[in-house]
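Reading through the structure tokens given below for one structure.
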Amino acid sequence: MGGYISELFSEVMSPGNYPVMRYNKGSYRNFSQIIGLLCFYQGLAHEIGIIHGRKLGVFSYFCSHNFKGENMYRTHTCGELRMDNVGQHLTLAGWVQKNRDLGGMTFIDLRDRYGITQLVFNMETNAALCEEARKCGREFVIRVRGSVAERSNKNPKLPTGDIEILVDEISILNASDVPPFTIEDKSDGGDDLRMKYRYLDLRRNPLQKNIRLRHKMAKAVRDYLDDNEFVEVETPVLIKSTPEGARDFIVPSRMNEGQFYALPQSPQVFKQLLMISGYDRYFQIVKCFRDEDLRADRQPEFTQIDCEMAFVEQEDILTTFEGLASSLFKSILDLDISTPFLRMSWDQAMTEYGNDKPDLRFGMKIKEMTELVKGKGFPVFDQSEYVGAIKAENSSTYSRKQLDKLTDYVRRPQIGSKGLVYLKMNEDGSMKSSVDKFYPDEELRKWAELFDAKPGDLLLVLAGDEKQCLPALSELRLEMGRQLGLMNNGEFFPLWVVDFPLLEWDDESKRYHAMHHPFTSPKPEDMELLKTDPGKVRANAYDLVINGVEIGGGSIRIHNDELQQKMFDSLGFTKEEAQEQFGFLMNAFKYGAPPHGGVAFGFDRWVALFAGEDSIRDVIAFPKNNSGRDVMIDSPASVSTDQLDELKLNLKP
RNA sequence: GGUCAUGUAGUUCAGUUGGUUAGAAUGCCGGCCUGUCACGCCGGAGGUCGCGAGUUCGAGUCUCGUCGUGACCGCCA
């Protein structure tokens, strides 16, 4: 115990406790260290067990830890005491979860990170002590000393439910106002309120679990990459604004009047420079900043696992990082996910799933049927550029009402289909379609044949422009996946989507944009197309997709200044602009840049996926809301005119 | 920038076609209670129906505006 603390609190160091604590140290600790390690992995597996839908104790994860922080505030945690501890005299500290005053006796549930232990106070034994205990409201911070006793009424719902503490000393370390919502697994508080009192929300088990999972994942990432010779290098946060990509957050420079830093959207150029510097394998778990509108899976500041490797081709990178992914699946979720992961071309993903991040937990592939249905007199299909469908198995029992609801779903402006055509393959072998006026049975049989549809199946057909229709079919497919319960939270299907287009036409600015970023190398065999048909050029770029979530992406970079210059040409940069914005990188390429490439993973998304959460806010300790505000500290906020003056800034009226 | 949803007690919600004093549960406060663990029983306090206009004899309810929150589209290399 540190001298500082013992001086400050010498009055509480009653010598009576010490021999007991010492005694525990020797025998209990070594044993529990071994058990602790064993229990740790088991605990994580249990946690994931919940994701799998198995019913396991919520506390199992928290109780499996070996407490190393023995001091005058506590000798044990509220999660570790069992029948073996009966008779021990010890000290606990924590928060009052619940106070049950029965008149003659009072029970307090004492909570800390590790669990809950019941304290007992008895009027007959010590009335003054019992009165003191009655005063303790929810979330009071208290310390108690007492002896572990076997309960007469055990509670099988708690891991510590066999024992209780017969308290002989209580100190209220800090009283608490009544919290605005209950600190329980299922809080009664709404989102707004819990965000405003985030520090209270973070006391709750589900959040604690997520934050600890995040920590374990970060550590597992560092361990794997360290084992593979990667070096973690920090890169600057105050950098320079660049034209491509997302909007930058900018930071005024006081010492350089009228000039601004930008916060990095990613450490992209620095990691390439590190390859040129010979670091060979770099990584960083790093904050990135993008000033764009938010979503459930987007925050203005978010965390990437940023990686770069020299002397590698695409396949080397895919192999290395599917290794990272499968090692995380194993160490965190105890799941064996075999490698190599499936590789799917971007083209295939778009035609079969209408989406560059397909959820492969279920099939229901999109098939085109344009040729099959045209020229049969149904004007809607005849006038459509593209007709396609999906097959939902065992769904021919969908009612008129359900189909109407699906029609409304695809007609929402966000999806924008005009209507929905269906074909029911009834169990009795008959067929029913919304367009059987135009398509006789033998035509409908051909539809069924194309999809290998069996009695009981349901075909859902959309028509329109290919550009609108494929994404619409993708949304419909995902909606059906949800409705039919095909998206199991405990099941994971990772894949690499490869061969992305290099460039993407932007109608607004009437020029091509880099689909990934401007340092992505084109496929050598598509090089010729760069001049004739730039939109057709494929890139050495890839995304890691798990269950329909884009977990990460990367590319093999350009490592030669001539090609880089060509790329900037295609993007419509003048030589001068390119020199001004990226001159330092192109200069660096002149001094022996090795072939290199890399990848970056959205760490928040990955944690959310493993935690089974829909929103990354649930895995970030202090997230921002929909409008980029932190409602707890109330940021962003105005600054004083003094601050603005110092920066030589005027605000527009 | 756009679409949709939502805002009522500390909290979660209900509130009929526009009609008497706006309810329930939970939490909170007080009393009783010696084996509770969703403790129980009795009593009590607690409301600018987000804000501002409008329609109306009358608005929590209808209309418009505005603000907050959430989801999505655009956007996010």
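Proteins come first, then strands; the chains are lettered A, B, ... in the order of their sequence lines, and each starts at number 1.
Look at A/K154 and you won't find any side-chain N or O under 4.0 angstrom from OP1 or OP2 of B/rC37. Here A/R138 reaches the OP1 or OP2 of B/rC28: one of its side-chain N or O atoms lies under 4.0 Å away. At the phosphate of B/rU34, neither OP1 nor OP2 sits under 4.0 Å from any side-chain N or O atom of A/N122. Between A/K98 and B/rU36 there is no side-chain N or O to OP1 or OP2 distance below 4.0 Å. Considering only side-chain N and O atoms, A/T182 lies nowhere under 4.0 angstrom from the phosphate OP1 or OP2 of B/rU11.
Using the six-membered ring where Trp is involved, A/W505 and A/Y512 have ring planes that are perpendicular, over 60° apart on the 30 and 60° scheme. The aromatic rings of A/F249 and A/F289 stand perpendicular to each other, their planes meeting at an angle above 60°, with 30° marking the opposite boundary.
Using atom C1' as the reference point in both B/rU20 and B/rU11, the two lie 29 Å apart (nearest Å). If you take atom P in B/rA14 and the same atom in B/rG74, they sit 32 Å apart, rounded to whole Å. Taking the P atom of each, B/rC67 and B/rA24 are spaced 36 Å apart, rounded to whole Å. Using atom P as the reference point in both B/rU63 and B/rG23, the two lie 25 Å apart (nearest Å). Spacing of C1' atoms, B/rU61 relative to B/rG50, comes out at 16 Å, to the nearest Å. To the nearest whole angstrom, the two P atoms, one in B/rA38 and one in B/rU26, are 14 Å apart. Taking atom C1' in both B/rA9 and B/rA5, one finds a spacing of 24 Å when rounded to whole Å. Rounded to whole Å, the separation between the C1' atoms of B/rG15 and B/rG47 comes to 14 Å.
Here the side chain of A/R138 pairs no donor or acceptor atom with the backbone of A/K98 at under 3.5 angstrom.
If you check every strand for non-hydrogen atoms under 4.0 Å, A/E504 touches nothing. Contact annotation for A/E164: base contact, defined as any heavy-atom pair under 4.0 Å involving a base atom. As judged by a 4.0 angstrom heavy-atom cut-off over every strand, A/I415 is placed among residues making no nucleic acid contact. Residue contacts for A/R295: at a heavy-atom cut-off of 4.0 Å it reaches a base atom on one of the strands shown. Using a 4.0 Å heavy-atom criterion, one finds that A/G137 contacts no nucleic acid atom at all. Across all strands, A/K186 comes closer than 4.0 Å to no nucleic acid atom at all (heavy-atom distances). Counting any heavy atom pair closer than 4.0 Å across all strands shown, A/D293 reaches a base atom. At the heavy-atom level, A/F181 lies nowhere under 4.0 Å from the strands shown. In this structure, A/R617 reaches the sugar-phosphate backbone alone: every heavy-atom distance under 4.0 Å involves primed, P, OP1 or OP2 atoms, never a base. At the heavy-atom level, A/D291 lies nowhere under 4.0 Å from the strands shown. No engagement by A/E244 is indicated, since no non-hydrogen atom pair under 4.0 Å with the nucleic acid exists. Residue contacts for A/P180: at a heavy-atom cut-off of 4.0 Å it reaches the sugar-phosphate backbone alone, with no base atom in range.
Ionic pairing of A/D101 and A/R134 is present here: one or more N-O contacts between side-chain nitrogen and carboxylate oxygen are shorter than 4.0 angstrom.
Checked against B/rU69, B/rC75, B/rC72, the side chain of A/R412 finds its nearest nucleotide in B/rC72. Here B/rC37 is the nucleotide among B/rU69, B/rC33, B/rC37 with the atom lying nearest to any side-chain atom of A/R151. Listed nucleotides B/rG27, B/rC37, B/rC76 differ in distance to A/A246; the shortest reach to its side chain belongs to B/rC76. Residue A/R290 places its side chain closer to B/rC76 than to any other of B/rU69, B/rG10, B/rC76. In this structure, of B/rC28, B/rU69, B/rG10, it is B/rU69 that holds the atom nearest to the side chain of A/N625. The side chain of A/R298 lies closest to B/rC75, out of B/rG35, B/rU69, B/rC75. The side chain of A/P413 has B/rU3 as its nearest neighbour among B/rC76, B/rU3, B/rU69. Side-chain proximity of A/N626 to the nucleotides B/rG27, B/rA71, B/rC37 is greatest for B/rA71.
Heavy-atom nearest nucleotides on RNA chain B were determined for A/S266 and for A/V120, and the one closer to the 5' end corresponds to A/V120.
For the side chain to side chain contact (heavy atoms under 4.5 Å, CB included) with A/T303, the lone residue among A/V619, A/I620, A/D604 that qualifies is A/D604.
If you look at A/F568 and A/F582, their ring centroids are closer than 6.0 Å.
Between the CD atom of A/Q265 and the C1' atom of B/rC76 there is a distance of 9 Å, given to the nearest Å. What separates CG of A/D109 from C1' of B/rC39 is a distance of 11 Å, to the nearest Å.
At a threshold of 4.5 Å between non-hydrogen side-chain atoms, the residues A/S241 and A/Y261 do not count as touching.
Checking A/S509 against A/D506 by side-chain atom types alone, a donor-acceptor pair falls below 3.5 Å.
Across all strands shown, nothing is found opposite B/rG60 as a Watson-Crick or G-U wobble partner with both distances under 3.5 Å.
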